**Q** 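Got a structure here, written out as structure tokens. Questions coming.
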Amino acid sequence: MTLAFHEYRKPVSLAAEILQDVAVWHKMPVRAITSRNQSRRYVLARWEASFLLKHCARKYSTTQIGRMLGRDHTTIVYALKRYRESNKP
């Protein structure tokens, strides 16, 4: 059995999928999430991406997430804390 051209999908990492989904949800390009821009819109998207990478993927450390997003691991720890506080019921 061979796959047709349109059926073949290049394997994409889970992290890339999560970043893409967050970018689509927030209506911005992925590069905006990883940029140095500190406007609230980008920061909230970064917090959400950090949370999803840490708690949904469960295979990335804060250091790895920081490298993906161009941040220090302590910034990711802070982002996780702030995201949890802002989404309490």
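Values in this document were obtained by computation on a predicted structure and should not be read as measured data. Worth knowing before you read on, the calculation uses all heavy atoms, side chains too, and leaves out hydrogens, waters and symmetry mates.
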**Q** What's the spacing between Gln64 CD and His73 NE2 if we round to 0.5 Å?
**A**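 Nearest 0.5 Å value for the CD-NE2 distance: 12.5 Å.
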**Q** Working note: Ile65 + Leu80, criterion side chain to side chain contact (heavy atoms under 4.5 Å, CB included); need CA distance, chi angles, decisive distance, verdict.
**A** CA-CA 11 Å; Ile65 295 169; Leu80 294 170; 5.7 Å; no
**Q** Atom CZ of residue position Arg84 - does it have more than 12 heavy atoms of other residues, nucleotides or ligands inside 6.0 Å?
**A**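 Enclosed: over 12 neighbouring heavy atoms sit under 6.0 Å from CZ of Arg84.
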**Q** Of all heavy-atom pairs between Ile33 and Leu19, which one has the smallest distance, and what is that distance?
**A**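 Minimum heavy-atom separation between Ile33 and Leu19: CD1-O, 3.9 Å.
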**Q** Indicate the atoms forming the closest heavy-atom contact of Ser61 with Lys54, along with that distance.
**A**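 Shortest heavy-atom separation between Ser61 and Lys54 comes out as CA-NZ, 4.0 Å.
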**Q** With the 4.5 Å side-chain cut-off for hydrophobic clustering, are Leu14 and Leu53 part of the same group?
**A**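 Yes: a chain of side-chain contacts under 4.5 Å links Leu14 to Leu53.
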**Q** Could you tell me whether the side chain of Arg82 and the main chain of Leu44 form a donor-acceptor pair under 3.5 Å?
**A**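 No; zero donor-acceptor contacts below 3.5 Å.
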**Q** Flag yes if more than 12 heavy atoms outside Glu85 fall under 6.0 Å of its CD atom; otherwise flag no.
**A**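 Counting other residues, nucleotides and ligands, CD of Glu85 exceeds 12 neighbours.
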**Q** Could you tell me the separation between the SG atom of Cys56 and the CD atom of Glu17, rounded to the nearest 0.5 Å?
**A**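 So the gap between those two atoms works out to 12.5 Å.
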**Q** Are Val77 and Val43 linked, directly or through other ILVMFWY residues, by side chains that come within less than 4.5 angstrom of each other?
**A**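 Different clusters.
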**Q** Which pair of heavy atoms, one from Val30 and one from Gln20, lies closest together, and at what distance?
**A**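 What the structure gives for the nearest pair is CG2-OE1, 3.4 Å.
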**Q** Counting only N and O atoms by type, is there a donor-acceptor contact under 3.5 Å from the side chain of Arg46 to the main-chain atoms of Ser35?
**A**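 Looks like yes, one N/O pair under 3.5 Å.
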**Q** Using every non-hydrogen atom in the two residues, find where Arg36 and Gly70 come nearest and quote the distance to one decimal.
**A**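 Result for this residue pair: NH1-O, 2.8 Å.
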**Q** Is it possible for you to say whether Trp25 and Trp47 belong to one hydrophobic cluster, with membership spreading through side-chain heavy-atom contacts below 4.5 Å?
**A**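 Not linked; separate clusters.
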**Q** Looking at Arg41 and His26, what are the two nearest heavy atoms and their distance?
**A**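 Nearest heavy atoms, Arg41 then His26: NH2-O, 3.2 Å.
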**Q** Describe, in one word, how the ring planes of Tyr83 and Phe51 are oriented to each other, choosing from parallel (under 30°), tilted (30 to 60°) and perpendicular (over 60°).
**A**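 Judged by the thresholds at 30° and 60°, the geometry between Tyr83 and Phe51 is tilted.
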**Q** How close do Thr34 and Arg71 get, counting heavy atoms only, and between which atoms?
**A**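 In this case the closest contact between Thr34 and Arg71 is O-NH1, 3.9 Å.
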**Q** Go through Ser50 and Met68 one step at a time and tell me if the side chain to side chain contact (heavy atoms under 4.5 Å, CB included) criterion holds.
**A** CA-CA 10 Å; Ser50 299; Met68 287 180 228; over 6 Å; no
